[in-house]
J.: 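One structure, pasted below without further comment.
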Amino acid sequence: MTMVLGCIADDFTGATDLANNLVRSGMRVVQTIGVPTGALNVEVDAVVVALKSRTTPAAEAVAQSLVALRWLQAQGAQQIYFKYCSTFDSTPAGNIGPVTEALMDALGTDFTIATPAFPDNGRTVFKGYLFAGNVLLNESGMQNHPLTPMQDANLVRVMQAQTQRQVGLIDYTVVARGPQAIGERIAALRVEGVGVAIVDATSNDDLLRLGPALKGMPLVTAGSGVAIGLPANWGLVPSSTASQLPPAQGLRAIVSGSCSQATRRQVAHFKAQGGAALALDPLQLTGDTEPVVAKVMAWAQPLLSQGPVLVYSTAEPEAVKAIQARLGAATAGALVEHALAAVARALAQAGVQQLVVAGGETSGACVQALGITQLQIGPQIDPGVPWCHAHGDAGPLHLTLKSGNFGTEDFFTKAWAGLA
Ligand code: ADP
């Protein structure tokens, strides 16, 4: 393996988002689910280790991240990329600050950058303030997030609250002047004792100017946006070979446990186009997945040869609320995830080798049920959503893991063309 860039992502779909940006910029990338136990038998430029460390206690996030770091170092990673959410999801307790500091200590480095900027997705940083679309982060709805309420858009303050090191700013006037000016600013900040610098970026051009200034920096911390400027540091340029996957074969299916608005539209669109679809009623589910799998497969078997089938629990907010009131939100979620994951496994055993999964948590459950531990990242279907190739218990398959609000309305019908 010739890995040069080693990445640690604090959640699953965030890892895919980062991997997707690296592939689009010319790197061959594998994403692993958790830290692998041994070496990977693949030729890649970057590995993205997906952790579940965004909202765990900080000490646990630090411990997991350090295990990932050690594995990446053992595989020869020359630079480490700590990836977090483009809305900087964190609290004064962490986990972005504590993980960043622990990685800096372990790498023996006294300086890194931090920027969640991802202009393609409307996340921009200006004078240290993070915007989500047209509004400041703390006016974007993120101020009400149940786990990581973001009530301050000033990232220098937000980061300073969760780290011992001094936090500074590389502002847009410096970034506009290019890599050399950014390098000079970094040198000046280090002299001042700054350990972490928030970086302004309002466009992809800013990120491409930032990239060369990060060459040789042991640790980069960022959302997925900064990734577009890094592959060039190793002489890699965008090419279609980076996203090449083995040829697709087998039957097609979609499993959807997301109730997000975009997914609800995608389900409705697929049905309106005449797609074969079966809804699961959470109230009919018990912990035993056998009856539901038997019912789904009896329905699906005769249809699979005619085109993709859709199995979904996707429902409107009122319906979800009513079910949650009956079962409790956590129980309902777990029952549905468990059932859909068992369905995904049965579909794969029945010959499905092209699978779309909708929903972040649903994806996690399905990947686990399919026995998948690593994904090779292929061509993008929609921003943040690439096709992947993996080896599961039932054999090789192509799959795409779509987080709730990603993808256009016709995602379930158009996605297949990306494998043709
Ligand atoms: P998203 O990416 O849209 O947030 P997730 O899969 O992460 O989707 O989360 C959706 C959650 O809602 C899952 O835990 C899923 O099991 C649960 N769920 C799905 N359908 C229903 C439903 N009809 N009623 C209650 N909960 C549901």
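As the structure lists them, so they are numbered: ligands from 1, and atoms in each ligand from 1. The residues of the chain are indexed from 1 along the displayed sequence. Computed from a prediction, not measured in an experiment: that's the story for all the values here.
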J.: Between ligand 1 and the protein, tabulate every N or O atom pair separated by less than 3.5 Å, reporting distance only.
T.:
| residue | atom | partner | partner atom | Å |
| --- | --- | --- | --- | --- |
| ligand 1 | 2 (O) | Gly360 | N | 2.9 |
| ligand 1 | 2 (O) | Gly404 | N | 2.9 |
| ligand 1 | 3 (O) | Ser258 | OG | 2.6 |
| ligand 1 | 3 (O) | Ser260 | OG | 2.5 |
| ligand 1 | 6 (O) | Glu361 | N | 3.4 |
| ligand 1 | 6 (O) | Thr362 | N | 3.0 |
| ligand 1 | 6 (O) | Thr362 | OG1 | 2.6 |
| ligand 1 | 7 (O) | Gly360 | N | 3.2 |
| ligand 1 | 7 (O) | Glu361 | N | 2.7 |
| ligand 1 | 14 (O) | Glu337 | OE2 | 2.5 |
| ligand 1 | 16 (O) | Gly333 | O | 2.8 |
| ligand 1 | 20 (N) | Ser313 | O | 3.3 |
| ligand 1 | 20 (N) | Ser313 | OG | 2.8 |
| ligand 1 | 23 (N) | Ser313 | O | 2.9 |

J.: Could you pull out all residues at least two apart from His269 that satisfy ring-ring contact (aromatic ring centres under 6.0 Å, His included)?
T.: none
J.: Evaluate the side-chain contact (heavy atoms from CB on, under 4.5 Å) criterion for residues Arg24 and Gln380: first the C-alpha distance (whole Å), next the side-chain angles of each, then the deciding distance (0.1 Å), finally the verdict.
T.: CA-CA 8 Å; Arg24 281 161 56 77; Gln380 169 175 293; 3.1 Å; yes
J.: To check you understand the geometry: which heavy-atom pair defines the closest contact between Phe126 and Asp200, and what is its length?
T.: C-OD1, 3.5 Å
J.: For residues 400-420, which residue pairs pass the ring-ring contact (aromatic ring centres under 6.0 Å, His included) check, not counting sequence neighbours?
T.: Trp387-Trp416
J.: Here's a test for you: under side chain to side chain donor-acceptor pair (under 3.5 Å), which of Gln249, Arg252, His398 qualifies with Gln354?
T.: Arg252
J.: What side-chain donor-acceptor pairs closer than 3.5 Å can you find for residues 331-346, not counting sequence neighbours?
T.:
| residue | atom | partner | partner atom | Å |
| --- | --- | --- | --- | --- |
| Thr331 | OG1 | Leu327 | O | 3.4 |
| Arg345 | NH1 | Ala369 | O | 2.7 |
| Arg345 | NH1 | Asp393 | OD2 | 3.2 |

